[in-house]
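A quick write-up on the structure given underneath.
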There are 2 protein chains.
Amino acid sequence: MSVQERKERERASRERLIVATARELAEQQGWDAVTTRRLAERIEYSQPVLYSHFRGKREIIGAVALEGAAEMAAALRAATSGADGRRSRVAALAHAYLEFAERNPAVYDALFQLDGGLAFAREDTPEPLKDAFAALLETLGEVAGEGVHPALFTELFWSALHGLATLTRAGRLLPEGAGQRLDLLVERLAVL
Amino acid sequence: MSVQERKERERASRERLIVATARELAEQQGWDAVTTRRLAERIEYSQPVLYSHFRGKREIIGAVALEGAAEMAAALRAATSGADGRRSRVAALAHAYLEFAERNPAVYDALFQLDGGLAFAREDTPEPLKDAFAALLETLGEVAGEGVHPALFTELFWSALHGLATLTRAGRLLPEGAGQRLDLLVERLAVL
DNA sequence: TCGATTGTCTAGCAGTGCTAGAATCGATCC
DNA sequence: GGATCGATTCTAGCACTGCTAGACAATCGA
C-alpha cells in the first residue's frame with residue numbers, strides 16, 4: 001500500500017504546484033495570461049495533466065479562490081484581534097479587507113469577480129468561503145444596531161467594501177480619496 | 001457633396017447597427033457570446049467591416065457602455081424627479097440604480113466591469129460617463145451631511161450600490177434580502 | 001466608357017480551452 | 001532479472017477566438 005500512498009502524495013503535491021503557479025502567474029500578469037499552455041509549461045508538464053486534476057480552467061480559478069478565502073479570513077481576524085473597542089475593530093477590519101484586495105488582486109478576482117464554479121450563500125458553500133464571511137460577521141455583527149439582523153448588516157457592509165475595492169482597482173474611483181471614503185463608511189454605516 | 005453625405009449617413013447607421021447588435025447579443029447570451037464572427041454574421045457583413053468602425057472588440061464594448069451611461073443617467077433622473085422629499089428621492093435613486101443593473105446586466109458590465117478602454121474620473125472622461133455620475137451627485141449631494149464633500153459621499157454611496165448590484169448578480173448575495181439591504185443603506189448612509 | 005479609388009471579402013495568422021489516442025513509464029509477477 | 005500489463009503522460013489535433021494582409025468588386029469622377 002505504500003507505493004500507492006506515495007503516488008497520492010506526489011499527486012497532491014503536483015496539484016498544489018498547479019494552484020500556486022496559477023496564482024503566481026495571475027498576480028504577475030493577470031488572469032488572461034493564465035492559459036493552459038503557459039501554466040503547463042511552468043509546472044513542466046503537458047497540458048492534459050492539468051485536466052487530470054481539474055475539470056478545466058474554471059476549477060483552477062476556484063481552487064485559487066478557496067486558498068485565498070482562507071488567507072483573507074486569517075488576515076481579517078489578525079487585524080481585528082489587535083484592535084480595542086468597536087470603532088477601531090471595524091476600522092481595522094475594513095482597512096484589512098481593502099488592503100487584501102489591493103495586495104492580492106488576482107486572488108480577489110478569483111473570489112468575487114470570476115467564475116470559479118463555486119457556490120455562494122448556500123448550504124453546500126465550501127467551508128473557507130463560509131468562514132471568510134464568518135470573519136466579517138464576528139466584527140460587524142457587533143455594530144449592526146438595534147433590530148437589524150447581523151448577517152444582513154454584514155452583507156451590506158461587505159457590499160460597500162467590495163464596491164470600493166473593485167471600482168478603485170478598475171480605475172473608476174481615484175485612489176486619493178480612499179482613506180476618507182473608508183472613514184465615512186465606518187462612521188455612517190456602523191452603530192458605534 | 002451629396003453623395004459623400006449619403007455615404008457618411010450610411011456608415012453612421014451601420015455603426016449604430018453594430019453597437020445595437022452587440023448589446024442585444026450580450027444581453028441575450030452574455031458578452032462571451034459576442035464574438036467578432038457572430039457579430040459580423042448578425043449584421044450581415046464580414047468581420048473586417050467591424051474593424052473599419054472600431055479598433056477592436058474593446059472599443060465596441062466601450063460604445064455600448066457610453067450608450068448605457070446615457071440611458072442610466074436618464075433613468076436615474078426620471079426616478080428622482082417623481083419623488084418628493086430627500087428620503088424618497090434617495091430611495092428612488094438607489095432603487096432605480098439597482099433596477100437598471102438588473103435589467104441591463106450586459107450594459108452594466110460594459111460600464112463598470114469590463115474593459116471598454118474608457119477613461120474614468122479624469123479630465124478626458126467621455127461626457128455620458130460624467131453625466132451619469134452627475135445624475136447621482138444631484139440627488140446624493142443633498143444628503144451628504146455637514147462637512148462632507150458631496151462628491152466623496154456620492155462615490156461612497158455609489159460604491160455600495162455597485163457592490164450590491166455585482167455581488168447579487170454574481171450569486172454572492174441572495175436576492176431575498178435585497179429590499180432590506182437597500183432600506184438599510186439609505187437609512188444609514190444618507191443624512192436625511 | 002475608362003481609370004482610379006473606395007469599400008468589402010476571402011483566407012489566413014497565432015492564439016485559446018480542451019480531448020482522443022499513441023507512447024512511455026513503472027510496479028508487479030514469474 | 002526480465003517480461004507483462006496497467007496507469008500515466010505526451011503528441012497531435014479539434015473547433016474556436018481576435019485580428020489582418022491582400023485579392024477582388026463596386027462605385028465614382030473624368
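The model shown is predicted, which means the values in this text are computed figures rather than measured ones. To find a chain, count down the sequence lines: A is the first, B the second, and so on, and within it residues start at 1.
Rounding to whole angstrom units, CD of residue B/Glu10 and P of C/dT6 are separated by 16 Å. In this structure, A/Arg55 places its CZ atom 12 Å from P of C/dC18, rounding to the nearest Å. One atom, CG of B/Asp32, and another, P of C/dG17, lie 13 Å apart when rounded to the nearest Å. As rounded to whole Å, 10 Å separates atom C1' of C/dG7 from atom CZ of B/Arg11. Atom P of nucleotide D/dT17 and atom CH2 of B/Trp31 are separated by 15 Å, given to the nearest angstrom. In this structure, A/Lys7 atom NZ and D/dG6 atom P are separated by 13 Å, rounded to whole Å. What separates NE2 of B/His53 from P of C/dT8 is a distance of 7 Å, to the nearest Å. Nucleotide C/dG7 holds its P atom 16 Å from the CD1 atom of B/Ile43, rounded to whole Å.
Using a 4.0 Å cut-off, some side-chain N or O of A/Arg38 falls inside it from OP1 or OP2 of C/dT16.
The shortest distance between side-chain heavy atoms of B/Glu67 and B/Glu71 falls below 4.5 Å. The shortest distance between side-chain heavy atoms of B/Phe153 and A/Arg188 falls below 4.5 Å. When side chains are defined from C-beta on, A/His162 does not count as touching B/Arg172, because their heavy atoms never get closer than 4.5 Å.
Listed nucleotides C/dT8, D/dG18, D/dA12 differ in distance to B/Arg14; the shortest reach to its side chain belongs to C/dT8. Proximity note for A/Thr35 (side chain, C-beta onward) versus D/dT11, D/dT20, C/dG17: the nearest is C/dG17. Listed candidates were C/dC18, D/dT11, C/dC9. Nearest to the side chain of A/Pro48 is D/dT11. Considering only side-chain atoms of A/Thr36, the nucleotide from D/dT11, D/dG18, C/dG17 that sits closest is C/dG17. Closest to the side chain of A/Tyr51, out of C/dC9, C/dG17, D/dT9, is C/dG17.
A donor-acceptor contact under 3.5 Å is not formed by the side chain of A/Gln47 with the base of D/dC10. The base of D/dG18 sits within donor-acceptor range of the side chain of B/Arg37, with an N or O pair under 3.5 Å.
Residue contacts shown for A/Arg58 are absent, as no nucleic acid heavy atom lies under 4.0 Å away.
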